[in-house]
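Have a look at the structure below, then the notes.
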Amino acid sequence: MAEPRKKQLFGTNGVRGVVGRDMTPDLVMRIGMALASMRKGTIAVGRDTRTSGPALCSAVKAGILACGCRVVDVGVLPTPALQYLVRQHFDAGAMITASHNPPQYNGVKIIDADGTEMGDEETIKLEQRLFAGSFDVQGWESVGTEVSAPHLIEEYIDAIVRRFPPGVGEGTTVVVDPGSGPAAHSTPAVLSKMGCRVHTVNATMDGTFPGRLPEPSPEGLAALTDLVIRTGAAFGVAHDGDADRAVFIDETGSYVEENVEFALMQRYMCRDRQGYVVTPVSTSRRVEDICAETGCRVAYTPVGSIYVARTMMDMTASGSTVLFGGEGNGGLIFPDHQHCRDGGMTAAAMVGLLAEERSSLSSLAGDLPAYCMIKEKIFAAEPAAVVDMVKAQFADERLDTTDGVRINREHAWALLRPSGTEPFMRLVVEGRDRQSAEALYGEIKDVTGAAIRV
Ligand code: MG
């Protein structure tokens, strides 16, 4: 049987590379040409705050225009804002962003008319056009036209605010750290319109990222934590470089682990309704605990937000009630709003959650079941073979092979899966306590260690 075709250039969330080396205006223009050759009509183009954004944005627009599509340049905005606008108004979108990667990176995410990132099959077609140079280049009478529409982001802001009772944030102080990124305007605006008193840090858009790196890791959030404490805020929220993710600091200054964030938001979204929660096999088992509590069910997907989003849409289309989804990395999907990870919506939902729970974020987080999670990268020349050995070794147990292999036990589980692009595997082990996590971790390492030595 022939190997299924794989994406070569695009990864799990678009194309990314180091600017001037792998990520050049020439490549991005050809991506624009390929996109406009596949999708006719009007294409929205946006970017994050990276220094290379204007050059690469101009390049993608040049490609789109040359192949006869109209361009609406929506300016600097979060990826979920572009996704929202595409679903409302446009035939496709191109977002110039490298998400959480360091400043020297940039890239492109392609958005389809439904607001979701382009799926694997269509992306492979786009790559084939790109590699073959098969572009629909137009003559003078058919090249595209361009308009600028930076004000459209206000529609996204209002769409989020409308989801919550008016004034729900009144009396609540919050702190926003957009990390010098594209939510510097939108997330504070959303929270202000909900009635919150909003303080900000790193809220000047700046592609040199002077305050912290685009990945909102706990070490980079000292300034946010400090401001939360000093202002007596209910929480602090920080985004990654394109604001499709949001992570939180509680009112005591502690970082809320992203799987805990997922569980709290899941309980909030599933409280009064029954249906499905969709998440990758890498998410904490707390998702199952909260499902048991709220009478909901989990549908597991391979790792990658695009698979979560598309599974949610497919299940909804076939008649299932899907209430919530996302990943245990702060990338949460609220399907009543839109089928993509949305950091601004997540910040707003935290205001709604705290208003409904009438409790503090630290006590809500502290009341959840405790787990111990171990994460590790394991280098291996042939990751697939190692995964097969683990499958064979644990064949008598409850296995889930949605992505790599997940071993499910009563007090622990483990996921071993090959990286999509590099010669290593990711191992996640979670247990009710350190002992059960370490026991399973040890058993798996015995097998992988032997496999790698062979
Ligand atoms: Mg991102």
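Only heavy atoms go into these numbers, but all of them, side chains included; no hydrogens, no water, no symmetry mates. Every number for a ligand or one of its atoms is a count from 1 in the order of the listing.
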*OG (S99) to the Mg ion (ligand 1) to OD1 (D244) angle, given to the nearest 10 degrees*: 180°

*Relative to the Mg ion (ligand 1), which of the N, O or S atoms in D242 is the closest?*
OD1

*What atom name does the N, O or S atom of D240 nearest to the Mg ion (ligand 1) carry?*
OD2

_Any L27 side-chain heavy atom under 4.5 Å of L9 side chain_ = yes

*Do the charged groups of R267 and E356 touch, with an N to O distance under 4.0 Å?*
no

*Going by an N to O cut-off under 4.0 Å, is there a salt bridge joining K109 and D244?*
yes

*Can the ring centres of F324 and F262 be said to be less than 6.0 Å apart?*
yes

